[in-house]
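Data block below; observations after.
For clarity, every value in this text was computed on a predicted model and none was experimentally measured.
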Amino acid sequence: MRSLRIWVWNNLHITLLLLLVWLISFGARYNHLELVAVNSDSLSPYVASMRFWMQGWSDPPNPESDHWMWLTTMPWIWLSDSLYQLFLLRFFWGSLIAPIGALCFFLLAPKNRYLGSAAVGFLLALDKGLIDTLVSSFRGYMAPEFIALESLAIVLNEKGYRYGLFASLFFCIVAAGHHPMALASLAGWFLYALHAKMSLKEWGICFAILFLSSVFRLIWLFEIAQCDAGGLQCFEIIAMGSSETALTIKEMFVRIVHDRFLTEIGWVSICVVIGVYCARKHRITLWLIGGIIGLFCLGVSISTLRPYHFRIFALPMFLA
């Protein structure tokens, strides 16, 4: 804590900027608090958490996710006395993605640190797609926020803190527990790790973290496989239940460009594309590109790729 206080004092300007970014981010979301959809999707993680305290265990709120979805909401159950307080905490947590993005840029960029941090922070604060994720609740749950933490952990690794690489893998698995499409970032993580020059011991630690953090997913997959159909057919039923009407790859790409980029991000999407291209050789951009490729492959394979899935990578896109 003492070192944190020293860092805050020595970097007072960025601390104040992060506070301003958070205030704008939380204000933009708080204005939509009364519009939040209160339904089975939005309440299911909290109901599962309450079920754990009342019965000792709970299944995941939906078959595509895993136990991380309700485990990570347990503190909110302790702190909330009403639905209003519950969703207020949810919106507070969602608003933190903006200062996390601003901090990532400040730590990573060699120049224009304050201007770039403000740009990344304000873009994330006012991203209409991320606000819609909070209001509609089911569209990603907390996957964008945990991918943001994964991004921060990777940035810390870039600054020489090796534990960041290990933490990023853990946050990737937790994000996938909230939305299975977030598992695509695992492809980006491995692409990044291959360029991180890790020792055999560090690779061993990573695989141990991957296994331990995936235990809840493995348990749930085993339980799903016990359905009446049995085995792989159980997973096929779930995949078909969440798939859309079959679209060609061209039609899917057009929807993604129109909905996520032109509608939600607007003209800034041009800067995003140019930025990703210009930073294509950076290791963090390799992680982003690998994650997007993984998202395409995963979505196309089960016919469920939707424009709002790309909100998961909002922070690394703006960071690039």
Side-chain angles (χ1 to χ4, degrees), residues 17 20-21 24-25 28-29 32 94-95 97-136 139-140 143-145 147-148 150-152 154-155 158 181-182 184-185 187-188 191-192 247-297 299-300 305-320:
L17 178 59
L20 176 62
V21 166
I24 293 175
S25 178
R29 285 154 177 76
H32 296 83
S95 67
I97 192 173
I100 290 174
L103 179 60
C104 285
F105 188 95
F106 181 80
L107 294 174
L108 196 63
K111 58 183 180 180
N112 297 324
R113 300 171 78 185
Y114 293 100
L115 180 61
S117 296
V120 173
F122 292 150
L123 287 171
L124 289 167
L126 302 175
D127 188 323
K128 290 182 287 187
L130 294 177
I131 294 175
D132 175 67
T133 293
L134 289 174
V135 173
S136 60
R139 293 185 171 182
E145 290 90 329
I147 292 296
E150 181 185 359
S151 304
L152 178 59
I154 288 179
V155 169
E158 288 290 305
M181 297 300 287
S185 69
L191 184 61
Y192 172 85
L247 297 173
T248 65
I249 295 179
K250 179 181 178 181
E251 291 173 331
M252 202 174 292
F253 181 77
V254 169
R255 286 185 57 182
I256 292 168
V257 171
H258 177 270
D259 292 5
R260 175 57 185 152
F261 289 91
L262 298 181
T263 302
E264 294 180 359
I265 304 179
W267 63 269
V268 179
S269 59
I270 299 174
C271 301
V272 171
V273 174
I274 294 174
V276 172
Y277 176 78
C278 292
R280 63 190 182 280
K281 294 183 180 180
H282 198 288
R283 287 194 297 189
I284 289 185
T285 309
L286 288 176
W287 167 68
L288 169 63
I289 293 173
I292 291 177
I293 293 174
L295 189 63
F296 264 108
C297 294
V300 170
L305 186 62
R306 296 165 184 165
Y308 52 77
H309 289 151
F310 286 83
R311 299 172 187 173
I312 293 172
F313 293 107
L315 190 152
M317 280 186 178
F318 289 137
L319 184 63

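Between the side chain of Ser117 and the backbone N or O of Phe106, at least one donor-acceptor pair lies under 3.5 Å. Looking at Ser136, its side chain does come within 3.5 Å of a backbone N or O of Asp132 through a donor-acceptor pair. Of the possible donor and acceptor atoms, none in the side chain of Arg306 sits under 3.5 Å from a partner among the backbone N and O of Ile256. Without hydrogens or angle criteria, Ser151 side chain to Ile147 main chain gives a donor-acceptor distance under 3.5 Å. Proximity of a side-chain donor or acceptor of His258 to a complementary backbone N or O of Arg255 within less than 3.5 Å is not detected. With hydrogens and angles disregarded, a donor-acceptor distance shorter than 3.5 Å links the side chain of Lys128 to the backbone of Thr263.
Within the 4.5 Å cutoff, no side-chain heavy atoms of Phe296 are placed close to those of Met252. Looking only at side-chain heavy atoms (C-beta outward), Met181 and Leu295 come within less than 4.5 Å of each other. Within the 4.5 Å cutoff, the side chain of Leu130 has heavy atoms near those of the Pro144 side chain. Here the side chains of Val21 and Leu124 are not in contact, with every heavy-atom distance at 4.5 Å or above. Counting heavy atoms from C-beta on, the side chains of Ile265 and Leu123 never come closer than 4.5 Å.
Checked against ring-ring contact (aromatic ring centres under 6.0 Å, His included), Phe253 has no partners two or more places apart in sequence or in another chain. Scored by the side-chain contact (heavy atoms from CB on, under 4.5 Å) test, Ala28 finds Leu126, Ile131 as partners (sequence neighbours excluded). With sequence neighbours excluded, the residues forming a side-chain contact (heavy atoms from CB on, under 4.5 Å) with Ile293 are Ile289, Cys297, listed by chain and number. Applying the salt bridge (charged side-chain N to carboxylate O under 4.0 Å, His left out) test to Arg260 and every residue at least two apart in sequence or in another chain returns Asp127, Glu264. For the ring-ring contact (aromatic ring centres under 6.0 Å, His included) test, no residue two or more places apart in sequence or in another chain qualifies with Phe122. Take Ile274 and apply the side-chain contact (heavy atoms from CB on, under 4.5 Å) test, not counting sequence neighbours, and it matches Ile270, Cys278. Remark: Ser95 engages Trp22 in a side-chain hydrogen bond (donor to acceptor under 3.5 Å, both in side chains) (not counting sequence neighbours).
In this structure, Leu152 CG and Leu107 CG are separated by 7.0 Å, a value rounded to the nearest 0.5 Å. Separating the CE atom in Met317 from the OG atom in Ser269 is a distance of 10.5 Å, to the nearest 0.5 Å.
Here the two rings, on Phe318 and Phe105, have centers that are 6.0 Å apart or farther.
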- Verify side-chain contact (heavy atoms from CB on, under 4.5 Å) between Arg280 and Leu286, making sure each step is shown before the conclusion. CA-CA 7 Å; Arg280 63 190 182 280; Leu286 288 176; over 6 Å; no
Decide yes or no on side-chain contact (heavy atoms from CB on, under 4.5 Å) for Tyr308 and Asp259, but give the supporting numbers first. CA-CA 8 Å; Tyr308 52 77; Asp259 292 5; over 6 Å; no
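When all heavy atoms are compared, the tightest approach of Ala182 to Ile312 is N-CD1, 3.9 Å.
Counting only residues at least two apart or on different chains, no ring-ring contact (aromatic ring centres under 6.0 Å, His included) pair has a member in residues 261-292. Applying the salt bridge (charged side-chain N to carboxylate O under 4.0 Å, His left out) definition to pairs two or more places apart or across chains, those involving residues 283-294 are Glu158-Arg283.
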Could you give the side-chain donor-acceptor pairs of residues 97-104 under 3.5 Å, partners two or more places apart or in another chain?
none

